[in-house]
Chemist: 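Below you will find the structure I want to go over with you.
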Number of protein chains: 2
Amino acid sequence: MAIEPRQNPTRVSCFECPLRHMRRFRPFSDSELEFVSTFKRGELLADTGTTVLAEGARSAHLYTVLAGWGFRYKILEDGRRQILNYVVPGDMVGLQGAVMAEMQHSVEALTPMTLCVFERSRLFSLFELHPGLSFDLTWLAAREESILDEHLLSIGRRSALERASYLLAFLFDRGMSAGILGDNHRHVPVTQMHFADTLGLSIVHTNKTLKKLADRGLIRWRDRGCDVLDPAGLQDLAKWKPEEARVRPFI
Amino acid sequence: MAIEPRQNPTRVSCFECPLRHMRRFRPFSDSELEFVSTFKRGELLADTGTTVLAEGARSAHLYTVLAGWGFRYKILEDGRRQILNYVVPGDMVGLQGAVMAEMQHSVEALTPMTLCVFERSRLFSLFELHPGLSFDLTWLAAREESILDEHLLSIGRRSALERASYLLAFLFDRGMSAGILGDNHRHVPVTQMHFADTLGLSIVHTNKTLKKLADRGLIRWRDRGCDVLDPAGLQDLAKWKPEEARVRPFI
DNA sequence: CGGGCGGTTGATGTCGGTCAAGTCGCGTGG
DNA sequence: CCACGCGACTTGACCGACATCAACCGCCCG
């Protein structure tokens, strides 16, 4: 169940961080890059199904996703699970734990993941030394908040079909802008069980709902995941538009 | 509908800010207090039902709630509304608009509200000059995120009765720690319509669900709002515990 | 005194849950 | 090599939680 993730023996320097060079991330100043390099403690590799962070933990670390898909979730005592959001490269996880006393949710790997490990105790010096990076942290938190707002609207007020369409369009958008969509740039590695737990529906009903979308040619199930064939059609069904892409921060 | 809020002619200095002296807020250093004083532009009074911030707006301002209750919400094209969260004194609103391009949600006053108005353009100098306040902003954003997480869990996975109990316990907790519960410190100024739009239920079913709670003596409806008679009982029903109170930031 | 808002209630319908099987592909071990 | 089990996906029958429709009450306020 809760497999221990393992440290990567070969640390990769921030200077040659593969994400750093992507156009969609804002460039760092030299001093910022240098700071982040010392802030970084190492890398963490997590296999599919691994628990990266557990609810209730008081982790000494903070992470940025470098590769792979993961998801954040909470569970009720009796096992009912709600997936809160998905994480992709460039996203930060564990900020809550760094800022509050302990983690209020868990994070699990959906595919093999690589995470950049930061020292939580040095977080405050980031605020002291780098206003730009501090602003970025706030930016990331505000953006997460606005995503959660939309999810709440979705679960609270959209029908099952709209909800499913929204989630698919959303995942496609996130995967696309992170450049991690599988074969043909349309594969999303999320099972129907994950869909059910994100949408607040039962697996059976989720299946029937997704089947409708598949019958209409919007998606196709394959290989423990889903090919998004018609993102625009999904957006229309959901009455939702993604934020237009712009340069975003990344720490 | 969208009544224009009005500026308060009599600005109150931050030095004598009534919230500042409450034990639950962290104290400011002299230089922080001085900075915030210059950051502050004035005060805004909003009557019940007023729209304080509108989705899509590119507001030049940022606010901290000084008095009263409000709520954040989103609406779908066809009018379906989802209330995302409630705001009470000490909460910041409009940070999203300051950090992203435009507001992704609206804010409306539930009771007459007083808000402290800040100049959005000076936000970056806050990051440059005051690491402590920057950290506080991130803290506030992370806390909002963890509240939204819990709401998602609630709407997605709790039954109608559990959801309603959770929301009541939650509102009681927030009102209590902000010291703004009405008569006998148990009155929450939220109508059944607001409950419905927060819980993702119809008004009729919300009414029937809340009636059950009233019949069990947990709450009582009165005066366009609700008296919370047994917060502990509600928490038990919802299987939820509030975060333990600790000193929190406030800008 | 009339109308609007908030709350209440019953009748009826439907969306989505639960139960129960069954298929398919894959990895494991006899 | 095949039996077995398991995880992901399907499908049909049935049921219940919640939505919708339609009244109606009480209160406040113009």
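Scope of the values below: all heavy atoms of this structure, side chains included, with no hydrogens, waters or symmetry mates. Labels below follow one simple rule: chain letters A, B, ... track the order of the sequence lines, proteins then strands, and each chain is numbered from 1.
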Chemist: Begin from the C-alpha positions of Leu19(A) and Met22(A) and carry the test side chain to side chain contact (heavy atoms under 4.5 Å, CB included) through to its verdict.
Modeler: CA-CA 5 Å; Leu19(A) 292 187; Met22(A) 295 180 65; 3.7 Å; yes
Chemist: Using 30° and 60° as the class limits, which term best fits the ring planes of His151(A) and Phe170(A): parallel, tilted or perpendicular?
Modeler: perpendicular
Chemist: OP1 or OP2 of dT8(C) sitting under 4.0 Å from any side-chain N/O of Gln192(B)?
Modeler: yes
Chemist: Work out which heavy atom in Gly68(B) is nearest to a heavy atom in Ile180(B); give both atom names and the distance.
Modeler: O-CD1, 4.1 Å
Chemist: Could you give the CZ-to-P distance, from Arg224(B) to dC27(D), as a whole number of Å?
Modeler: 13 Å
Chemist: Round to the nearest Å and state the distance from Asp223(B) atom CG to dG26(D) atom C1'.
Modeler: 13 Å
Chemist: When we call it a touch if two heavy atoms are under 4.0 Å apart, what does Thr191(A) touch: a base, just sugar-phosphate, or nothing?
Modeler: sugar-phosphate
Chemist: Side chain of Trp221(A) only, please: which of dA19(D), dG16(C), dC9(D) is the nearest?
Modeler: dC9(D)
Chemist: Hey, which of these two, Val204(A) or Leu210(B), hits DNA chain C nearer its 5' end, going by closest nucleotide?
Modeler: Leu210(B)
Chemist: dG7(D) C1' sits how many Å from Arg222(A) CZ, rounded?
Modeler: 18 Å
Chemist: Base, sugar-phosphate, or nothing for Ile203(B), non-hydrogen atoms under 4.0 angstrom?
Modeler: nothing
Chemist: Establish, for the pair Arg158(A) and Tyr166(A), whether the NZ or CZ atom is under 6.0 angstrom from the six-membered ring centre and no further than 45 degrees off its axis.
Modeler: yes
Chemist: The side chain of His205(B) lies closest to which of these nucleotides: dC18(D), dG7(D), dG16(C)?
Modeler: dC18(D)
Chemist: Atom CD of Glu162(B) to atom C1' of dC18(D): distance rounded to whole Å?
Modeler: 15 Å
Chemist: Whole-Å distance between dG6(C) P and Lys208(B) NZ?
Modeler: 19 Å
Chemist: Within the structure, does a side-chain N or O atom of Lys211(B) lie under 4.0 Å from either OP1 or OP2 of dT9(C)?
Modeler: yes
Chemist: Starting from the 5' end of DNA chain C, give me the residue, Thr209(A) or His194(B), whose nearest nucleotide shows up first.
Modeler: His194(B)
Chemist: Does a side-chain N or O from Asn207(B) land closer than 4.0 Å to OP1 or OP2 of dT8(C), or not?
Modeler: yes
Chemist: Please give, in whole Å, the distance from dC15(C) C1' to Arg157(A) CZ?
Modeler: 15 Å
Chemist: Between atom CG in Leu201(A) and atom P in dT14(C), what is the gap in whole Å?
Modeler: 20 Å
Chemist: Under a 4.0 Å N-O cut-off, is there an ion pair linking Arg248(A) with Glu243(A)?
Modeler: no
Chemist: From CG of Leu110(B) over to P of dG6(C), roughly how many Å is that when rounded to an integer?
Modeler: 11 Å
